[in-house]
Protein chains: 4
Amino acid sequence: MKKNKPKYHQIIDAAVIAIAENGYHQTQVSKIARQAGVADGTIYLYFKNKEDILISLFQEKVGTFAVKMKESIQIKAKAAEQLRMLVENHFTMLTEDPYLAVVTQLELRQSNKELRLKINEVLKEYLLLIDQILQGGIDDGEFRSNLNIRLARQMIFGTLDEMITTWVMNDQKYDLTASASDVVEMLLNGFSAEKRR
Amino acid sequence: MKKNKPKYHQIIDAAVIAIAENGYHQTQVSKIARQAGVADGTIYLYFKNKEDILISLFQEKVGTFAVKMKESIQIKAKAAEQLRMLVENHFTMLTEDPYLAVVTQLELRQSNKELRLKINEVLKEYLLLIDQILQGGIDDGEFRSNLNIRLARQMIFGTLDEMITTWVMNDQKYDLTASASDVVEMLLNGFSAEKRR
Amino acid sequence: MKKNKPKYHQIIDAAVIAIAENGYHQTQVSKIARQAGVADGTIYLYFKNKEDILISLFQEKVGTFAVKMKESIQIKAKAAEQLRMLVENHFTMLTEDPYLAVVTQLELRQSNKELRLKINEVLKEYLLLIDQILQGGIDDGEFRSNLNIRLARQMIFGTLDEMITTWVMNDQKYDLTASASDVVEMLLNGFSAEKRR
Amino acid sequence: MKKNKPKYHQIIDAAVIAIAENGYHQTQVSKIARQAGVADGTIYLYFKNKEDILISLFQEKVGTFAVKMKESIQIKAKAAEQLRMLVENHFTMLTEDPYLAVVTQLELRQSNKELRLKINEVLKEYLLLIDQILQGGIDDGEFRSNLNIRLARQMIFGTLDEMITTWVMNDQKYDLTASASDVVEMLLNGFSAEKRR
DNA sequence: AATGAATGAGCATTCATTCAT
DNA sequence: TATGAATGAATGCTCATTCAT
């Protein structure tokens, strides 16, 4: 299995740095190779093509991300606390890896529709986690019973994504985590209250 | 003024169709020209370069969008009604122009950072409109006084954007407007209720 | 006859200025038209194509040049004096028209072989004039009887051309005419003296 | 070092042939590549851009030219003999490489001013060689003491250049070397004799 | 005669991928 | 495994020329 060899991760990490520093379209395969300290041709021993590097990058990073997130959330019982944990962790993880933040929020979106569909496939696991929190909240009576889970999940993900993208576009120069509490409150209000009128 | 000549809009409309059908990177200038029924060189009588077509496209379409939106909203007095109107119109307008939906939600995001900053510049007008609704709601007591406007705006825009993108990625095959009411409720709940506990 | 209409010369003069200021390859037909104060299309009422402007330009300017030169020379009796007059006039005329100097020495040489052959055709009249001086000098016994006229003419023209080109390449910043006397001496020495040994 | 690899010279030689046969402006990079038997992209592994091929071509050919010329001249003691050797060699070398003659006398002059300045830079070495011959002749008393070296050099170079260009423009169909002796005589007469009167 | 909007052919260069070593 | 020299397809833009008005 290629994924267990050191050069596999070496190349992926090089890709994150190269793309974050140079931008998606300015990052040629040869630049990733140079950053990784391998020859151009070596890349193709570990990845099918350039697109495969990007998908693998996303799988590795978001996969790790989702696993850690799951673990963090399991220690909380209530859906509200789980959601708070999810938002805080989401912000913290990206704050701690500025290169990855740039790559996921800005650069990878410059890829074509086909690649984005594959990226969405990887994201599904994470979105499912959100769904589980929401379903739990409904089951426990924390959220209203007629909550539209799909919609609620899109609200959560869309809000976080917009917040983070804006933060990255502003060169990550303010504290993203400081807004975690406020945004969680607004989301929870949206989910818990009975339908107005 | 070039913008008043018929070919200006002819080319922009052709660009929307060509990009929606072929994807951003597969849309050569010659393809736009063919779609518009003009020679390649004619494009350059109306636009500085290929990027300028895209920026102009966005300005024309989102500019029109924002103007219409402003007019629609002014006939409503309450912020809640204004927000409902905004969401409904946003969904309706994109539903009525499927090509434009694909271009704004998927294809235009594949542009480089520089172009995206220009696009954001155009978007500002629309985001300001949301801010005005929110501020009105606070002033009227509809929304809680300590509402974080920036956050609320990001929640609105992020949620709508995520909903629409998902809808477009699913080939626009379900009724987006049907969710308008539900999402407005959730957003309003988030803004109106007092901070929990 | 087109050549008698004012716009004919208006366009040629505009071409000299435009080419001198912008360089041969940077001088589009539209630039000449703008400089001449006419529409692009108007150019083609007076000239067959772009190349025709250049040939006509050369014909007009060098034609005038040759006619003036002939007149100047006729007042001198001796070949040596005629040659001196030719060199002085050649230098003076180009010194007095810096734009033309740039165009003939630098810019027009960037044209293709075909155009250069036509230019050479125009030059023939001038070269013939030199030949006449040389033949006169031989007939009068000023120059040695076995002087190779073709070679002598190439020496005269080549030397002048090289001197002027160097002067133009150095932005015409020194006094070209100051060297006239010296160069004439050297040339005359080359022609008059008996074959050495 | 790229210059030591066989493909470097392979491409330069191909460029000489392609430009001589097709003309400067009709010689696309792909044509040079085809002539050299390499792929278009390979050109760019050895040259920065198309202009760089031309400059390198000139450097290689004229560089070799100047080196050979220096060696040939050193075996002669008298300036007159050195000049005769220079003219003969100059003619012989270009006669032996008809393609190069076309390229240097006609095609390379069609380049823009910037490129021509670089070409002149390369030529300087050759012009310096002429200056050294002239200075030697003055020191030895072969040439008159008040000889203007700059002028004499321009006369030599200008005359040779004009002769060769005319010869190339006439499709090299006569024997250039046959005129070497005569032209040298005329030049020497110009330099050696005391100022007339 | 004059205009100028419209035309469309033409080309240097990049870079993902291959493959002989 | 690893290399890196070589490949060659792909495209935005310019500008001389035309022609309807």
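Residue numbers start from 1 in every chain, and the chains themselves are labelled A, B, ... in the order their sequence lines are given, proteins ahead of strands. Side-chain atoms are counted along with the backbone in the values below, which use heavy atoms only and exclude waters and symmetry mates. These figures come from a predicted structure and were not determined experimentally.
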Side-chain N,O (C:K5) to OP1/OP2 (E:dA1) below 4.0 Å = yes
A:Q28 CD - F:dG4 P separation (whole Å) = 18 Å
What one should report as the nearest heavy-atom pair of C:A33 and C:D40 is CB-OD1, 3.5 Å
Watson-Crick or G-U wobble partner for F:dA16, using a 3.5 Å limit on both distances?
-> E:dT7
Between B:G41 and A:K48, name the one whose nearest nucleotide on DNA chain E is closer to the 5' end.
-> B:G41
Specify the separation, in whole Å, of atom CD of B:E51 and atom P of F:dT11.
-> 18 Å
Rounded to whole angstrom units, what separation is found between the CD1 atom of B:I11 and the P atom of E:dA5?
-> 14 Å
First of D:A39 and B:V29 reached from the 5' end of DNA chain F, by closest nucleotide = D:A39
Interatomic distance where CD belongs to B:Q10 and C1' belongs to E:dA5 [whole Å] = 13 Å
The Watson-Crick or G-U wobble partner of E:dA2, with both key distances under 3.5 Å, is F:dT21
DNA chain E: 5'-proximal contact among D:K50 and B:D40 (nearest heavy atom) | B:D40
Whole-Å gap separating C1' (F:dA16) and NE2 (D:H25) | 15 Å
Can a side chain N or O of B:Y44 be found less than 4.0 Å away from OP1 or OP2 on F:dC15?
-> no
So what does B:F47 hit on the nucleic acid, given a heavy-atom distance under 4.0 Å: a base, only sugar-phosphate, or nothing?
-> nothing
Rounded to the Å, how far apart are A:I43 CD1 and F:dA2 P?
-> 12 Å
Distance below 4.0 Å between D:Y46 side-chain N/O and F:dA5 OP1 or OP2 = no
Is the side chain of C:T64 donor-acceptor paired with the backbone N or O of C:E60 at a distance under 3.5 Å, no angle test?
-> yes
Does NZ or CZ of C:K50 come closer than 6.0 Å to the centre of the six-membered ring of C:Y24, within 45° of the ring's axis?
-> yes
Rounded distance in Å - OH (D:Y24) to P (E:dA12) = 10 Å
Side chain of D:L45 only, please: which of E:dA12, F:dA6, F:dC15 is the nearest?
-> F:dA6
Backbone of B:Q26 reached by a side-chain donor or acceptor of B:K31 within 3.5 Å = yes
With DNA chain F as reference, determine whether D:K7 or B:N49 sits nearer its 5' end, using the nearest nucleotide of each.
-> D:K7
Within the structure, does a side-chain N or O atom of B:T42 lie under 4.0 Å from either OP1 or OP2 of E:dT7?
-> yes
Report the relative orientation of the aromatic rings in C:F47 and C:Y8; use parallel for angles under 30°, tilted for 30 to 60°, perpendicular for over 60°.
-> parallel
Rounded to the nearest Å, what distance is computed from the NZ atom of residue C:K31 to the P atom of nucleotide E:dG4?
-> 19 Å
